[in-house]
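I have placed the structure first, in the form of structure tokens, so that the comments after it can refer back to it.
Values below: every heavy atom of this structure, side chains too, minus hydrogens, waters and symmetry copies. First listed ligand is number 1; within each ligand, the first listed atom is number 1.
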Amino acid sequence: MIKIENVSFAYKNKIALDNVNININEGESIAIIGPNGSGKSTFLKLLNGIIFSNKGKYIFDDTEINEETLKDTKYLKLFHKRLGFVFQNSDTQLFCSTVFEEVSFGLLQMELSEDEVDKRVGDCLSLLNIEKLKDEHPYNLSAGEKKRVALASVLAMNPEVIILDEPMNGIDPKGKRFLNELLAALNKSGKTIICATHDFEYVEGIFNRAIAFSEDHKIARDDKYENIINDKDFLRSYNII
Ligand SMILES: Nc1ncnc2c1ncn2[C@@H]1O[C@H](COP(=O)(O)OP(=O)(O)O)[C@@H](O)[C@H]1O
Ligand SMILES: [Mg+2]
């Protein structure tokens, strides 16, 4: 489904991804791990078409994703419908004046009836347990509530691939357990999950694979999640724990 071939990316002259190769199949659940600054967020932004590689190729279901392909607004819409991105900082994602508007925003871009939009928004608010917040201004919510709203707005689009950048950051333990169960359930229902994380105590049971980036922005290891997480020598030597 996703092919990353010899991809490198630099911000001006600061390298952030160095010759990365990854294949991701539909239905996988992948943890992206690595020390701060290793390139996790950059990799997720690239997957989501926010930035484009300087070298190498990103292929999504037979289409090469680059500035040219995403200039086609019809394809761009389809691409964003299939891939949903939950940003690390919810404030960069939430811009509507109520939670209800926030979750319906993407749906209104699709040609759905008002009833269909209301139904989908209602389902997502209830899935995330935030029905009571529907008339609140997202700005006034707690970090955990904001994260739920951001997730609801992504899930409303029913994407096949859900990409999350450190979703457990700044969330209380109860919120983390809720997210854990939700992500595991979404993967079970067939969604592909790609998630940058370092909250290892709270992500148990979500992932079947981990990709570890190193401080020099290369892939240090791509293996079963359990194999990597139980290899403390590896995690220590790459400054991941
Ligand atoms: N907007 C930016 N401009 C310049 N350098 C950046 C920018 N974003 C990230 N970087 C640099 O790119 C590298 C990878 O960053 P990032 O992908 O954010 O790592 P991680 O998410 O693993 O902490 C780091 O060296 C970081 O300082
Ligand atoms: Mg990051």
Practice task
Could you tell me whether some N/O pair between Gly39 and ligand 1 is separated by less than 3.5 angstrom?
Solution key: yes

Problem - Ring center gap for Phe213 and Tyr238 short of 6.0 angstrom - result: no

Handout entry: Check: Ser214 side chain, Ala220 main-chain N or O, donor-acceptor pair, under 3.5 Å
Key = no

Practice task
Tell me whether Ile32 is reachable from Ile15 by hopping between hydrophobic residues (I, L, V, M, F, W, Y) whose side-chain heavy atoms are closer than 4.5 Å.
Solution key: no

Practice task
Within a distance under 4.0 Å of any heavy atom of Ala16, pick out the atoms of ligand 1 and give their elements.
Solution key: 12 (O), 13 (C), 14 (C)

Exercise for the section: Any atoms of ligand 1 less than 4.0 Å from a non-hydrogen atom of Asn36? List them with their elements. Expected result: 23 (O)

Problem - Short N or O distance, Ile15 and ligand 1, threshold 3.5 Å exclusive - result: no

Handout entry: Pro35 near ligand 1 by a heavy-atom separation under 4.0 Å
Key = yes

Fill in the blank from the handout: Ranked by distance from atom 14 (C) of ligand 1, the top protein heavy atom is Gly37 O, 3.3 Å

Handout entry: Any donor-acceptor pair under 3.5 Å from Asp18 side chain to His217 backbone
Key = no

Practice task
Counting heavy atoms only, name the option from Thr42, Ile51, Asp165 that's nearest to atom 15 (O) of ligand 1.
Solution key: Thr42

Practice task
Look only at interatomic distance and state if His217 has a nitrogen or oxygen under 3.5 Å from any nitrogen or oxygen of ligand 1.
Solution key: no

Completion exercise
A student comparing Phe213, Phe43, Tyr11 should find that the heavy atom closest to atom 2 (C) of ligand 1 comes from Tyr11

Exercise for the section: Would you please indicate yes or no on a ring centroid separation below 6.0 angstrom for Phe87 and Phe85? Expected result: yes

Exercise for the section: Identify the heavy atoms of Leu128 and Leu155 that sit nearest to each other, and give their distance. Expected result: CD2-CD1, 3.9 Å

Practice task
Please find out if the Mg ion (ligand 2) and some N, O or S atom of Ser41 are separated by less than 2.8 Å.
Solution key: yes

Practice task
Compute the shortest N/O to N/O distance between Ser38 and ligand 1 and return yes if it is under 3.5 Å, no if not.
Solution key: yes

Problem - Donor-acceptor contact present, side-chain Asn227 to main-chain Asp223, <3.5 Å - result: no

Practice task
Answer with side chain, backbone, both or neither: which part of Lys40 has a heavy atom less than 4.0 angstrom from an atom of ligand 1?
Solution key: both

Practice task
Please check if any side-chain donor atom of Thr42 sits under 3.5 Å from a side-chain acceptor atom of Tyr11, or the reverse.
Solution key: yes

Exercise for the section: Starting from atom 26 (C) of ligand 1, locate the nearest protein heavy atom and write down its residue, its atom name and how far away it is, to 0.1 Å. Expected result: Lys14 NZ, 3.6 Å

Exercise for the section: Please say which of Leu47, Val20, Asn66, Ile22 ends up in a side-chain contact (heavy atoms from CB on, under 4.5 Å) with Tyr58. Expected result: Leu47

Exercise for the section: Report the nearest protein non-hydrogen atom to atom 18 (O) of ligand 1: residue, atom name, distance rounded to 0.1 Å. Expected result: Ser41 CB, 3.7 Å

